[in-house]
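Note sheet for the following structure.
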Amino acid sequence: MNDTDKESNEMQVAFDDIQQVSPALASYTRDKLEGEVWNRDGLSKRDRSIVTLATVIARGQTEMLEAEVRLALNNGVTPAEVSEIITHLAFYTGWGNALAAVEPVRKVFAECGVEQDQLPAAKVDLLPLDEQAESQRAGFVEATYGNVSPGVVQYTAEPLFREIWLRPHLAPRDRSLVTVSALIASGQSEQVTFHLNRAMDYGLTQTEASEVLTQLAFYAGWPRVFSAMRVVKQVFEQRQEAN
Amino acid sequence: MNDTDKESNEMQVAFDDIQQVSPALASYTRDKLEGEVWNRDGLSKRDRSIVTLATVIARGQTEMLEAEVRLALNNGVTPAEVSEIITHLAFYTGWGNALAAVEPVRKVFAECGVEQDQLPAAKVDLLPLDEQAESQRAGFVEATYGNVSPGVVQYTAEPLFREIWLRPHLAPRDRSLVTVSALIASGQSEQVTFHLNRAMDYGLTQTEASEVLTQLAFYAGWPRVFSAMRVVKQVFEQRQEAN
Amino acid sequence: MNDTDKESNEMQVAFDDIQQVSPALASYTRDKLEGEVWNRDGLSKRDRSIVTLATVIARGQTEMLEAEVRLALNNGVTPAEVSEIITHLAFYTGWGNALAAVEPVRKVFAECGVEQDQLPAAKVDLLPLDEQAESQRAGFVEATYGNVSPGVVQYTAEPLFREIWLRPHLAPRDRSLVTVSALIASGQSEQVTFHLNRAMDYGLTQTEASEVLTQLAFYAGWPRVFSAMRVVKQVFEQRQEAN
């Protein structure tokens, strides 16, 4: 397989096609993004794939998704984790984005021989619930918004925090990483604080979080990332003061 | 027609296909979203379809639109109302989203035998204009932004408030409901106050507005709805104080 | 070629098709948007095409892009400028949007006989760097965010400000116009100040900036433009005070 074929397989748009529109974009894609950013220290390729998948699904960029899923599987994201990411993002980016992801992912799973029994079932044994933390969260949301939308309050508890967040086949660190990435990619940086703190409580290091922003600069664009930088800076500073 | 066919017709992605990617998503889609959320009290299926159509069009989710339009027609939204929703959203979510909706809707209208003469004409007898309210609105916008963009100020008066908002084939309550849904789905919650007040002036109840948020949590995603909750809470509180 | 064919060529959705969904939308598209807005004084058709291309790419509206690129070339945007716009927007709206633009643009370029040697190369002689301004910008970003994401800080300098912004085949005024349009279309109005000031330093007049907002009201939608109006007003006022 020569270099062009390899690029065609990794990139959703072939190098030669990009060149016919922008030789500069083709060059930056191959050399800067694929050749350099994906290989940076500080965040594994596997984690970069998680960030990129979340971004592409959050932004409804379904034509890119096929290639990004293939890359994710090559980078060590398991089919079970891909499955959980899509379910999670139905809640965090809207049902339409999750449903739009089904066809591209189904196609890649079929190509790679992924069978349904490799995927987490609808009902699984959940991780243990931190009753105190959930009680605090639910109490706050009920007190603040109980009169605004009982329906939203209800579904935020069940299934969101009492089932989705406790499904075991996507580690809590990774589930929070997916959420932070989707929030930044969707321009909802103000909601990042809670989820970035959880990601870091679950093991995402500050270096890794910094590199998540680098990955998102390219895939969500510079404006979304500069919106996020202020919030992320506050989280880092508060965590350092607490230590 | 067996259950799977029914689901295929109602859902834009067949249950079996979703299962091959995420058995959990398939289950939540069928049992929680379709089986429970759509059947909740407090907001009719017809109104839930209006909210969902507005969300899908606002987010450019054209692959979902066909199935949502079929469902809307089944739920009692008239073809004339679907037509008006698309025209309205050209202004409120950008021309591209309205034009992208044309093909899926044309296809469903053709399937259902909807003829062009069932649709509102380009020029229709308009609802009466509240001259005082419009004069107040136009005066504020001219004073605030007259030097910023005379073009925007002009088109906001004509055609937006002096024609679009007065087209009769989508009731003012419903037209405001479409606007509120599109604003929340697009992450422009700060602009919800004006339009939610109008929707409630035109007859949307607080219970119904609460259930709009429940519907949007699933179709626009949790982050968009939590951005909106604060604004909606203020509207409810101000309206209660005024009473 | 009769009027309907002309409309089919200019518009990405044929007048007759729109009529079958909304006679009103068909009429507003042909008479208000295409017939009136595009012909307004204050901003050339060429510049309106730049604004519209940036909006469509920023919003991932790839089905519209083919017709908008044809129109842009007819309106005097050069193939080299289209090429630079796409490269620029990879950074300012995320890589996925730029890559999604490749196929529609490649098709139009092929139709119009645009050869790759008409397009700017990957490596070109750059415009001179304003060392003092760049040193100030880089110093501020390093001081503010150096601990948050060294990767983002690095790539913001190189390639973004030290290469992309200095590529000559898209004039600085136009490059800033693209950026302002994409920011408003993406709902990132708070970041408009810096880039609108640069656009106006590079020659965009206040009248032209006002008309950019008029164009964006139709293509990005009224909510995005009303978010931007407040920021644009401040820029105009500050520039007037400074004079």
Side-chain angles (χ1 to χ4, degrees), chain B residues 58 60 62 79 82-106 108-110 114-117 119-124 141 144-145 147-156 158-160 163-164 167 169 179 182-183 186-188 190-191, chain C residues 11-14 17-33 36-37 40 42-43 52 55-56 59-61 63-65 67-68 185 187 206-207 209-230 232-237 240:
Chain B
T62 43
V82 171
S83 181
E84 287 295 326
I85 288 170
I86 288 164
T87 310
H88 191 78
L89 291 178
F91 291 85
Y92 278 92
T93 74
W95 227 258
N97 283 330
L99 291 177
V102 166
E103 195 43 42
V105 175
R106 205 175 67 82
V108 176
F109 277 4
V114 172
E115 301 286 344
Q116 196 175 311
D117 58 18
L119 305 177
K123 285 247 163 284
V124 290
V141 169
T144 317
Y145 297 124
N147 289 343
V148 180
S149 179
V152 173
V153 170
Q154 174 191 324
Y155 291 115
T156 305
E158 164 98 43
L160 190 56
E163 285 177 26
I164 297 294
R167 292 178 61 86
H169 294 86
T179 310
L183 286 171
S186 314
Q188 303 264 184
E190 74 290 349
Q191 297 182 25
Chain C
M11 294 163 42
Q12 68 277 16
V13 186
D17 288 347
I18 306 175
Q19 272 214 315
Q20 290 175 46
V21 165
S22 171
L25 181 64
S27 167
Y28 281 121
T29 304
R30 182 188 59 186
D31 302 332
K32 189 67 65 181
L33 181 58
E36 190 180 309
V37 177
R40 284 174 62 87
L43 189 70
T52 307
T55 300
V56 166
R59 289 155 68 90
Q61 294 175 324
E63 324 93 348
M64 279 185 78
L65 188 54
E68 295 300 335
Q206 182 164 318
T207 297
S210 295
E211 279 299 304
V212 168
L213 291 174
T214 308
Q215 191 79 9
L216 287 170
F218 286 85
Y219 283 96
W222 252 252
R224 293 279 188 252
V225 162
F226 268 82
S227 286
M229 295 254 270
R230 194 168 20 94
V232 173
K233 175 174 167 143
Q234 283 173 343
V235 170
F236 288 176
E237 287 174 349
Q240 277 156 12

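Side chains included, hydrogens not; waters and symmetry mates left out as well; all remaining heavy atoms used. Chain naming here is simple, since letters A, B, ... match the order of the sequence lines and numbering starts at 1 in each. Please read these numbers as outputs of a predicted model, since none were measured by experiment.
- Ranking Leu213(C), Leu216(C), Thr214(C) against chain B, the residue ahead of the rest is Thr214(C), based on heavy-atom pairs under 4.5 Å.
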Stepwise, does the side-chain contact (heavy atoms from CB on, under 4.5 Å) test hold for Trp95(B) with Met64(C)?
CA-CA 10 Å; Trp95(B) 227 258; Met64(C) 279 185 78; 5.6 Å; no

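- When each of Phe226(C), Tyr28(C), Tyr219(C) is tested with Phe91(B) by the rule ring pair (Phe, Tyr, Trp, His ring centres under 6.0 Å), just one qualifies, namely Tyr28(C).
- Proximity to chain B involves both the backbone and the side chain of Phe218(C), based on heavy atoms less than 4.5 angstrom apart.
- Heavy atoms closer than 4.5 Å to chain C are found nowhere in Val108(B), neither backbone nor side chain.
- Counting heavy atoms from C-beta on, the side chains of Gln61(C) and Asn97(B) come closer than 4.5 Å.
- Only the side chain of Glu190(B) comes within contact range of chain C, judged by heavy atoms closer than 4.5 Å.
- The number of heavy-atom neighbours closer than 6.0 Å to CG of Asp17(C), taken from other residues, nucleotides and ligands shown, is above 12.
- Among Pro79(B), Ala58(B), Gly187(B), Pro159(B), the residue making the largest number of heavy-atom pairs under 4.5 Å with chain C is Pro159(B).
- Heavy atoms closer than 4.5 Å to chain C are found in both the backbone and the side chain of Thr156(B).
- Contact count against chain C (heavy-atom pairs under 4.5 Å) is highest for Val105(B) among Val105(B), Thr62(B), Leu89(B).
- Gln154(B) touches chain C through its side chain: at least one heavy atom from C-beta onward sits under 4.5 Å away, while N, CA, C and O do not.
- Heavy-atom distances place both the backbone and the side chain of Val37(C) under 4.5 Å from chain B.
- With a 4.5 Å cut-off on non-hydrogen atoms, Val225(C) touches chain B through its side chain but not through its backbone.
- In plain terms, the two heavy atoms of Ala24(C) and Ala121(B) that are nearest each other are CB-O, 4.3 Å.
- The CG atom of Leu25(C) sits 13.0 Å away from the NE2 atom of His88(B) when rounded to the nearest 0.5 Å.
- Counting heavy-atom pairs closer than 4.5 Å to chain C, the top-ranked of the candidates Leu119(B), Ile86(B), Thr179(B), Val153(B) is Leu119(B).
- Most heavy-atom pairs under 4.5 Å with chain B, from the set Glu211(C), Glu36(C), Gln215(C): that is Glu36(C).
- Heavy atoms of Ala100(B) lying under 4.5 Å from chain C belong exclusively to its side chain.
- Ranked by heavy-atom pairs under 4.5 Å with chain B, the list Glu237(C), Gln206(C), Arg230(C) is led by Arg230(C).
- Residue Leu160(B) touches chain C through its side chain alone, counting heavy-atom pairs closer than 4.5 Å.
- What you find for Arg59(C) and Gly94(B) is that their closest heavy atoms are NH2-CA, 4.1 Å.
- Taking the ring centroids of Tyr92(B) and Trp222(C), they lie at or beyond the 6.0 Å cut-off.
- Residues Val21(C) and Val102(B) approach most closely at CG2-O, 3.5 Å, considering heavy atoms.
- Ranked by heavy-atom pairs shorter than 4.5 Å toward chain C, the options Ala98(B), Ser83(B), Ser149(B), Ala110(B) are led by Ser149(B).
- A donor-acceptor pair under 3.5 Å is absent between the side-chain atoms of Lys233(C) and the main chain of Tyr145(B), judged by distance alone.
- In this structure a side-chain-to-backbone donor-acceptor pair under 3.5 Å is missing from Ser22(C) to Thr87(B).
- With a 4.5 Å cut-off on side-chain heavy atoms, Gln20(C) and Val114(B) do not count as touching.
- Contact tally against chain C (heavy-atom pairs below 4.5 Å) for Ala101(B), Ser186(B), Ala182(B): the top residue is Ser186(B).
- With hydrogens and angles ignored, the 3.5 Å screen pairs a side-chain donor or acceptor of Gln191(B) with a backbone N or O of Pro223(C).
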